[in-house]
**Student:** 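I'd like to ask you about the structure that follows.
Both backbone and side-chain heavy atoms feed into the values below; hydrogens, waters and symmetry mates do not. The chains referred to below are lettered A, B, ... by the order of the sequence lines, with proteins before strands, and numbering in each begins at 1.
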Protein chains: 2
Amino acid sequence: MLSTEQIIDAMSEQGLRITDQRKTLARLFGEHSGYLSAKDVYEYMCKKYSGLSFDTVYRNLRVMQELGVLEQVVFEDGMKFKASCSEDHHHHHMICLQCQRTYPIQFCPIHLADAPEQFQVVTHKFEVFGYCKDCQQSTSDEEQMSTKSGGGR
Amino acid sequence: MLSTEQIIDAMSEQGLRITDQRKTLARLFGEHSGYLSAKDVYEYMCKKYSGLSFDTVYRNLRVMQELGVLEQVVFEDGMKFKASCSEDHHHHHMICLQCQRTYPIQFCPIHLADAPEQFQVVTHKFEVFGYCKDCQQSTSDEEQMSTKSGGGR
DNA sequence: TTTGGTGCAAAAGGTTTGCACGGCG
DNA sequence: CGCCGTGCAAACCTTTTGCACCAAA
């Protein structure tokens, strides 16, 4: 997963200005490996920037996603973001339902599927949901972020 | 997949009133095997019911989903609905990007995934997207519904 | 200094809710 | 005839857009 520095460098190289807010965003996603909703990000950022507006958060999330430093995924309860995987080969994810951190799965089932021969495959989605090692015993809410982020879905 | 009659029977058994609108909804989902958004359904129904309101469509979609006759899935471009599968065993789907019809896949990759041993699996999602037999040659828009429903995602 | 980022306000979907009336059972 | 389903209006939530001001480079 991209580090804080890699995120900042990528944004800088693309000519984006590195504002204080964007540094904080980079750090948030660089250090937190789970998925975050726009609201999660807004609430987190609000603690530092009192006059923060929702639209700036959305704008920055969008810019960072278009730049490729963030990945955007649709869940049942809405859009979420996390730092892009730095793994360059195709892989899937296990996603923790508690802390929403992701763990790579190298195995890909796409060629094993009993496709109707006539079906021309374009893309696929394979995701495993459950509880990671840390979240099985301690269902307490002590996570990396002090805001409550888990529990969703 | 549930037939028009099965849908109506299920609704009737649950004490729901079978209004003309609900009959039409049952027929729509009973005969159309693809995913439809609330907007798709609204536009289709509008052709028959001039004074139709959006909220009634939403209410009925929700009721039918809670009753179990409709399945609700989140795509990148929003929520969509289709008649529930009548297959009683676990399976996955191939979904046509053109007509949005679905085809069952019996194969399930869940036990083959190289899980971090510590990860406690709760659920999973495996979907294959592409073009079905009918939609490969004819990219024309002749589908079951006369409204444009495909192309999405 | 110049261009791009931010906050504010408002708009734009999509979905839900309260209420009164009309139709199903 | 009683209660549920419907249409209407409005609220609500998330996301986007226009504009003027301020700050990064």
**Student:** With a cut-off of less than 4.0 Å, is there a side-chain N or O of B:Thr56 near OP1 or OP2 of D:dG7?
**Tutor:**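 Answer is yes, contact under 4.0 Å.
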**Student:** Can a side chain N or O of B:Ser53 be found less than 4.0 Å away from OP1 or OP2 on D:dG7?
**Tutor:**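 The answer is yes; a side-chain N or O of B:Ser53 sits under 4.0 Å from OP1 or OP2.
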**Student:** A:Arg59 near the nucleic acid: base, sugar-phosphate alone, or nothing, with a heavy-atom cut-off under 4.0 Å?
**Tutor:** base
**Student:** Could A:Lys125 and B:Glu76 be called an ion pair, given the rule that one side-chain N must be under 4.0 Å from one carboxylate O?
**Tutor:**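 Judged by the 4.0 Å cut-off on N to carboxylate O distance, A:Lys125 and B:Glu76 do form a salt bridge.
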**Student:** What's the CD-C1' distance between A:Glu66 and C:dG4, to the nearest Å?
**Tutor:**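 Computing the A:Glu66:CD to C:dG4:C1' distance gives 15 Å.
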**Student:** Using only heavy-atom distances, determine whether the side chains of A:Thr24 and A:Tyr49 contain a donor-acceptor pair under 3.5 Å.
**Tutor:** yes
**Student:** Taking atom P of D:dT16 as reference, at what distance in whole Å does atom CG of A:Asp55 sit?
**Tutor:**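 A:Asp55 atom CG is separated from D:dT16 atom P by 11 Å.
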**Student:** So, A:His92 versus A:His124, ring centres under 6.0 angstrom or not?
**Tutor:** yes
**Student:** Could you tell me how far apart B:Phe54 (CZ) and C:dA12 (C1') are, to the nearest whole angstrom?
**Tutor:** 14 Å
**Student:** If I take atom CG in residue A:Leu67 and atom C1' in nucleotide C:dG4, what distance separates them, rounded to the nearest angstrom?
**Tutor:**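 About 15 Å, once rounded to whole Å.
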**Student:** Tell me: CZ of B:Arg62 to P of D:dT6, nearest whole Å?
**Tutor:** 14 Å
**Student:** Which part of the nucleic acid, if any, lies within contact of A:Asn60, taking any heavy atom under 4.0 Å across all strands shown: a base, the sugar-phosphate backbone alone, or nothing?
**Tutor:**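 Sugar-phosphate only.
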**Student:** What is the distance from OH of A:Tyr58 to P of C:dT6, rounded to the nearest Å?
**Tutor:** 16 Å
**Student:** Among B:His89, B:His91, B:His90, which one satisfies side chain to side chain donor-acceptor pair (under 3.5 Å) with B:Gln106?
**Tutor:**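 For B:Gln106, the side chain to side chain donor-acceptor pair (under 3.5 Å) check succeeds only for B:His89.
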**Student:** When you measure from the side chain of B:Arg22 to the backbone of B:Arg17, do you find a donor-acceptor pair of N or O atoms at a distance under 3.5 Å?
**Tutor:**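 Indeed, once roles are kept as given, a pair shorter than 3.5 Å links the two residues.
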**Student:** Using a strict cut-off of less than 4.0 Å between a Lys/Arg side-chain nitrogen and an Asp/Glu carboxylate oxygen, indicate whether B:Asp40 and B:Lys80 qualify as a salt bridge.
**Tutor:** no
**Student:** Name the one of B:Phe75, B:Phe81, B:Phe129, B:Phe29 that satisfies ring-ring contact (aromatic ring centres under 6.0 Å, His included) with B:Tyr35?
**Tutor:**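 When ring-ring contact (aromatic ring centres under 6.0 Å, His included) is applied between B:Tyr35 and each of B:Phe75, B:Phe81, B:Phe129, B:Phe29, only B:Phe75 qualifies.
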**Student:** Would you kindly give the CE-to-C1' distance between A:Met79 and D:dT16, to the nearest whole Å?
**Tutor:** 12 Å
**Student:** Assuming nearest nucleotide by heavy-atom distance, tell me which of A:Leu52 and B:Lys39 is located more 5' along DNA chain C.
**Tutor:** A:Leu52
**Student:** Give the residues of residues 12-25 of chain B touching DNA chain C, defined as any heavy atom closer than 4.0 Å, sorted by residue number.
**Tutor:** B:Arg17, B:Ile18
**Student:** Given atom CD1 of B:Ile8 and atom P of C:dC24, what is their separation to the nearest angstrom?
**Tutor:**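 Between P of C:dC24 and CD1 of B:Ile8: 14 Å.
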